[in-house]
Amino acid sequence: MHCPRIALGLGFCLLVGIALCSLWVYVENWLSVSYVPYYLPCPEIFNMKLQYKGEKPFQPVTPSQYPQPKLLEQKPTELLTLTPWLAPIVSEGTFDPELLHRIYQPLNLTVGVTVFAVGKYTQFVQHFLESAEQFFMQGFRVHYYVFTNDPTAIPRVRLGSGRLASIIPIQGHSRWEEISTRRMETISQHIVERAHREIDYLFCLDVDMVFRNPWGPETLGDLVAAIHPGYFAVPRQQFPYERRPLSTAFVAGGEGDFYYGGAVFGGRVARVYDFTRGCHMGILADKANGIMAAWQEESHLNRRFISHKPSKVLSPEYLWDDRKPQPPSLKLIRFSTLDKDTDWLRS
Amino acid sequence: MDPREFWGKSTKFWLCLILLFAVLLGFYSQDTHSVVLQRMQLEKKESSERDCHLDTCRIPEVPRLVYPKAQLLKPTRVDVLVMTPWFAPIIWDGTFDSAILDAQFRNITVGLTVFAIKKYVVFLKLFLETAEKHFMVGHKVNYYVFTDQPANVPQIPLQEGRQVVVLEVRNYKRWQDISMHRMEMISNFSQQRFLREVHYLVCLDVDMKFSDHVGVEILAPLFGTLHPGFYRGDRQSFTYERRPLSQAYIPRDEGDFYYAGGFFGGSVPEVYRLTMACHQAMMADQANGIEAVWHDESHLNRYLLYHKPSKVLSPEYLWDEHMLRRPPLLRKLRYVAVPKNHAEIRNR
């Protein structure tokens with residue numbers, strides 16, 4: 001009469017065993033992709049699958065009039081135009097805007113922009129959007145994603161045709177560092193949930209900035225970084241990398257190409273997803289170890305750009321600090337900070 | 001009826017059902033999970049191979065490397081243009097760091113196509129020997145030797161990871177036809193074999209030798225090489241095909257560079273597109289009774305004008321020491337012509 005009980009017991013053990021096996025295989029596959037310690041709970045981001053949009057075949061350039069490139073012209077000392085891994089460094093004079101426009105226009109691209117306007121930072125949105133309407137990606141379809149904890153504080157700005165703005169509510173935090181570090185997570189989740197269907201390229205910009213000159217398709221690339229205006233002339237030992245080995249953003253003394261700014265990065269949607277997700281994993285691991293990197297997500301961004309080198313680098317023209325004197329090698333400042341009282345803003 | 005027996009049967013039934021469900025769930029989730037991952041990887045691979053031309057760099061992860069830091073305010077070369085207006089790097093010595101590039105391009109296989117037809121088989125030995133010393137050292141290479149005399153292909157000792165694949169093809173009476181039909185043969189074999197065997201194709205002339213490093217810095221979705229005779233010139237002086245009847249026609253006010261027919265390449269899909277387009281253009285010309293002034297080179301130039309290459313190789317990558325005096329801006333000569341008697345070698 002204890003046969004059913006034994007059968008029940010065996011059956012139950014088998015059931016539990018199979019369930020554990022499936023779970024193990026599932027988790028194992030994901031673990032091989034990230035480096036998060038196993039004891040952390042897996043955030044929902046692991047379950048999100050990215051469906052890639054179909055690629056468009058390359059379109060030939062239509063015949064057009066433009067001057068012949070001058071191979072042997074001696075140029076006065078200017079900026080470096082190629083990184084050692086052959087990524088272009090974009091600055092005024094290195095490209096032909098007409099030609100690029102003709103190459104990119106037929107591709108019917110949509111460019112997305114994410115900005116975070118949390119707490120007192122909502123006051124910058126108007127000026128940001130107005131200047132973007134004047135200078136950012138003229139002639140292209142643009143979609144602004146404004147993340148805020150207070151949608152009512154976001155002003156209505158008149159946008160040109162083919163340009164949209166979406167206001168996305170997010171949670172506010174009391175500490176500004178927390179708000180800053182959460183951006184990577186928010187961006188990658190947003191890409192999976194929505195952006196990958198709506199845009200081809202994405203730029204993640206700081207909101208307390210303004211466009212001053214044209215920012216066009218010369219900035220488009222697979223994975224794009226911008227050189228920080230404060231460190232483009234100093235040796236790598238002086239870069240404000242995270243120097244504590246405990247952090248995942250740690251960079252040793254002899255490493256580093258450029259110090260990139262956290263206020264501007266972007267690229268193809270799929271690449272930005274990989275990038276932000278990678279940074280977020282590093283931030284989570286640091287959190288588990290009770291450490292926050294010296295410059296929050298900018299430190300993680302710099303760590304990641306060393307091992308996943310950007311395919312295009314923007315000169316400090318694309319990320320400038322107006323408080324600094326403009327050097328002669330930077331011809332055209334396109335995107336720069338607004339003078340502001342950061343202490344008050346962050347309180 | 002015994003209540004315990006009844007309960008036992010029902011339990012067993014439900015238990016079996018639950019077990020079956022669990023097993024199916026286990027297999028299904030594993031299966032779809034790996035299928036989804038595979039599809040993502042495939043799409044990722046496809047999308048990165050059909051990559052927008054205008055971005056040449058791969059984003060694979062690089063391990064920790066030690067190398068000198070680039071300086072933004074100190075360009076490496078001030079005497080030459082190192083980037084085209086459409087952001088294609090122009091590869092000169094000093095512009096690239098091989099340590100980083102080799103790490104970015106690890107685990108790739110490069111295919112090299114070379115045509116040794118009729119008397120040109122004599123060039124193979126020196127070509128392959130010097131390639132072993134200088135071409136893509138440290139990477140996997142497949143030499144695809146197109147020839148009408150497979151028996152005359154010399155046996156060269158090869159480094160590890162490198163092999164010679166002999167492809168027997170027909171010859172043509174005129175040397176111009178041999179030159180032009182290279183496009184057709186490359187496009188055929190691209191589809192049949194190269195797509196599955198290599199990541200990149202480099203299409204070279206055989207009557208040359210390697211004299212210095214030619215590595216992964218040249219690899220891009222599509223690249224061409226500056227012809228050594230025209231890198232200084234104005235577009236009006238380029239020997240493009242100037243008759244509007246030809247498919248290779250380029251008007252006098254157009255043109256970026258004059259590319260050489262003896263060194264081009266790219267990813268397999270892009271080389272396939274290029275060679276197919278050139279071959280079709282040559283067939284159209286043949287039907288119209290016209291032959292472009294520089295044969296396949298004219299058609300190559302037309303294609304690269306309207307499908308801008310993602311990298312351009314400087315004349316370091318194709319030079320003729322006997323015809324041209326070496327200027328100081330050429331710090332290295334990597335791939336140079338071997339002297340030959342044109343009249344004797346080209347016909348019969």
Side-chain angles (χ1 to χ4, degrees), chain A residues 1 4 7-8 11 14-15 18-19 21-22 25-26 29 49-50 52 55 58 60-61 63 65 68-75 77-88 94-96 99-100 103 221-223 227 232-233 235-236 254-258 270-271 307-309 311-312 329, chain B residues 4 8 11-12 15 18-19 22-23 25-26 29-30 33 36-37 40 43-44 47 50-57 59 61-62 64 66 69-76 78-87 89 95-97 100-101 104 217 231-232 234-235 253-256 306-308:
Chain A
M1 283 294 110
L8 192 70
L14 203 60
L15 187 80
I18 290 171
C21 266
S22 312
V25 169
Y26 191 77
N29 277 334
K49 294 161 196 146
L50 195 59
Y52 290 81
E55 288 295 328
F58 183 69
V61 185
Q65 253 78 342
Q68 181 189 355
K70 292 186 177 60
L71 196 68
L72 302 177
E73 189 178 55
Q74 305 261 1
K75 284 189 171 166
T77 316
E78 283 178 351
L79 295 178
L80 187 65
T81 45
L82 270 186
T83 66
W85 60 94
L86 298 174
T94 56
F95 61 95
D96 183 342
L99 177 58
L100 286 177
I103 293 176
D222 247 29
L223 185 63
I227 298 178
F232 63 89
R236 48 163 65 127
E255 278 186 286
D257 306 301
F258 302 104
R271 295 273 185 256
S307 48
H308 298 74
K309 298 200 186 305
S311 65
K312 191 173 264 188
S329 45
Chain B
R4 270 189 309 208
T11 316
K12 275 188 207 145
L15 209 62
I18 290 167
L19 272 172
V23 168
L25 200 70
S29 72
Q30 199 182 359
H33 182 72
V36 166
L37 258 186
M40 252 177 78
E43 281 171 357
K44 220 183 221 182
S47 74
R50 275 178 287 142
D51 209 5
C52 187
H53 264 213
L54 302 141
D55 220 348
T56 66
C57 301
I59 317 276
E61 188 170 347
V62 297
R64 281 200 53 186
V66 176
K69 174 184 156 344
Q71 306 202 54
L72 188 66
L73 299 177
K74 293 207 182 78
T76 46
V78 289
D79 51 343
V80 289
L81 188 68
V82 298
M83 191 164 73
T84 67
W86 61 92
F87 292 126
T95 56
F96 60 93
D97 184 331
I100 306 177
L101 289 169
Q104 284 187 325
E217 69 277 1
Y231 67 95
R232 287 184 180 275
D234 274 339
R235 49 162 62 129
D253 57 0
E254 287 180 48
D256 306 304
Y306 299 128
H307 303 77
K308 305 233 179 279

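Atom set for the values below is all heavy atoms of this structure, side chains included, hydrogens, waters and symmetry mates excluded. Just so it is clear: chains get the letters A, B, ... in the order the sequence lines come, proteins before strands, and each one is counted from 1.
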Undergrad: Is chain A contacted by the side chain of B:I100, its backbone, both, or neither, given a heavy-atom distance below 4.5 Å?
TA: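 Contact with chain A: side chain only.
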Undergrad: By a 4.5 Å heavy-atom criterion (distance strictly below it), what part of B:T76 contacts chain A: side chain, backbone, both, or neither?
TA: both
Undergrad: Is A:R236 reaching over with its side chain to a backbone N or O of A:G256, donor-acceptor style, under 3.5 angstrom?
TA: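 Yes; at least one donor-acceptor contact below 3.5 Å.
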Undergrad: Should A:F232 and A:F258 count as side-chain neighbours, where that means a heavy-atom distance under 4.5 Å?
TA: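 Answer no - side chains too far apart.
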Undergrad: Please step through salt bridge (Lys or Arg N to Asp or Glu O under 4.0 Å) for the pair B:K69 and A:D257, ending with a clear verdict.
TA: CA-CA 6 Å; B:K69 174 184 156 344; A:D257 306 301; over 6 Å; no
Undergrad: What part of A:T81 gets within 4.5 angstrom of chain B, counting heavy atoms only: side chain, backbone, both, or neither?
TA: both
Undergrad: Between B:R235 and B:G255, is there a donor-acceptor pair closer than 3.5 Å when you use the side chain of the first and the backbone of the second?
TA: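 Yes; at least one donor-acceptor contact below 3.5 Å.
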